[in-house]
Amino acid sequence: MKATALLKKQHRKVEGMFATLEKGKGDVVAVLGQLANDLAAHMAIEQAIFYPAVREIDSEMVGESYQEHAVAELALKRLLETTADDSTFAPKVTTLKELILHHVEEEEDELFPAVEDAMDDEQLDTLGAQMERAFEAASQQGYESLLPEGFETSADRDQTPMSTQPEGGKRAKNGRAGRVAP
């Protein structure tokens with residue numbers, strides 16, 4: 001299978017999982033776990049194999065793709081830390097979905113056509129076979145081992161003015177911004 005066709009197939013599968021999560025029916029935890037595994041494995045093979053192989057075709061798009069992966073990883077990790085009954089679960093699903101759909105659209109509309117013009121079918125098939133093997137191996141590792149640790153953002157802080165947070169908003173030992181008594 002051509003590398004671009006493999007990635008498109010994976011894109012469609014992920015889109016289907018987002019649709020299931022948005023409906024909130026069935027085993028949301030299992031779907032989220034599968035989504036996390038597939039996204040992490042997909043990003044891993046793109047970053048380790050596909051992007052290096054096509055960097056010279058469109059270095060700007062590849063550079064942007066790495067950055068979009070970083071933001072998507074952050075959104076995915078934040079979602080994974082949320083229970084399905086949390087009020088922020090649905091907005092986090094929507095945000096991750098929008099990030100991924102934007103990334104997919106750019107890849108499929110801009111990068112993939114440029115790659116298909118620059119590489120012949122044999123090159124794309126060879127690259128696709130390599131990526132398919134790597135995806136299977138990465139999927140078996142699971143997202144826990146594929147996603148880097150650490151992801152605190154300002155969105156995780158209490159929504160209080162800096163003047164009421166200790167010393168400019170420094171974190172308490174529990175990782176949350178502390179409150180100063182009035």
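The CD atom of Q10 lies 7.5 Å from the OG atom of S139; values are rounded to the nearest 0.5 Å. Separating the CG atom in L76 from the OG1 atom in T95 is a distance of 12.5 Å, to the nearest 0.5 Å. A distance of 12.0 Å separates CD in E15 from OG1 in T20, rounded to the nearest 0.5 Å. Interatomic distance, CD1 of I45 versus CG of L6, reported as 5.5 Å (0.5 Å rounding). Taking NZ of K77 as the reference point, atom OG1 of T82 lies at 13.5 Å (rounded to 0.5 Å). We find the CD-CG distance between Q34 and L39 to be 10.0 Å, quoted to the nearest 0.5 Å.
Annotation for P52 and A48: closest pair CG-O, 3.6 Å, computed over non-hydrogen atoms. Shown here for L96 and A72, the closest heavy-atom pair between the two residues is CD1-O, 3.6 Å. The shortest non-hydrogen separation linking L146 to A138 is CD1-O, 3.4 Å. What you find for M131 and A3 is that their closest heavy atoms are SD-CB, 3.7 Å.
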Checklist entry - Hey, mind stepping through F50 and L7 against side chain to side chain contact (heavy atoms under 4.5 Å, CB included) and telling me if it holds? => result CA-CA 10 Å; F50 186 70; L7 295 175; 3.8 Å; yes

Item to check | V54 and M119: CA distance, side-chain angles, deciding distance, side chain to side chain contact (heavy atoms under 4.5 Å, CB included) verdict | outcome: CA-CA 9 Å; V54 304; M119 300 175 85; 4.0 Å; yes

Next on the checklist: Does L32 form a side chain to side chain contact (heavy atoms under 4.5 Å, CB included) with M17? I'd like the steps, not just the answer.
Outcome noted: CA-CA 8 Å; L32 180 57; M17 286 186 268; over 6 Å; no

Next on the checklist: Could you walk me through whether K8 and V104 satisfy the side chain to side chain contact (heavy atoms under 4.5 Å, CB included) test, starting with their C-alpha distance in whole Å, then the side-chain angles of each, then the deciding distance to 0.1 Å, before giving a yes or no?
Outcome noted: CA-CA 8 Å; K8 287 178 184 178; V104 164; over 6 Å; no

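Side-chain contact between E73 and P148 is present, with heavy atoms from C-beta onward closer than 4.5 Å. A heavy-atom distance below 4.5 Å is not found between the side chains of F18 and K23. No side-chain heavy atom of D85 sits under 4.5 Å from any side-chain heavy atom of F89. Using a 4.5 Å heavy-atom cutoff, the side chains of L80 and L147 are in contact.
In the hydrophobic cluster analysis, where Ile, Leu, Val, Met, Phe, Trp and Tyr join through side-chain heavy atoms closer than 4.5 angstrom, V14 is grouped apart from V71. Y66 and L111 fall within a single hydrophobic cluster, where Ile, Leu, Val, Met, Phe, Trp and Tyr side chains are chained together by heavy-atom contacts under 4.5 Å. Clustering ILVMFWY residues whenever any of their side-chain heavy atoms sit less than 4.5 angstrom apart, transitively, puts I100 in a cluster other than the one holding F135.
With sequence neighbours left out, Y143 forms a ring pair (Phe, Tyr, Trp, His ring centres under 6.0 Å) with no residue at all.
With hydrogens and angles disregarded, no donor-acceptor distance shorter than 3.5 Å links the side chain of S59 to the backbone of E56.
Sorted by first then second residue, the side chain to side chain donor-acceptor pair (under 3.5 Å) pairs that include residues 101-126, not counting sequence neighbours, are K2-D121, T4-E116, H11-E107, H11-E108, R12-E108, Y51-H103, Y51-E107, E68-H102, E68-H103, H69-H103, H102-E106, H103-E107.
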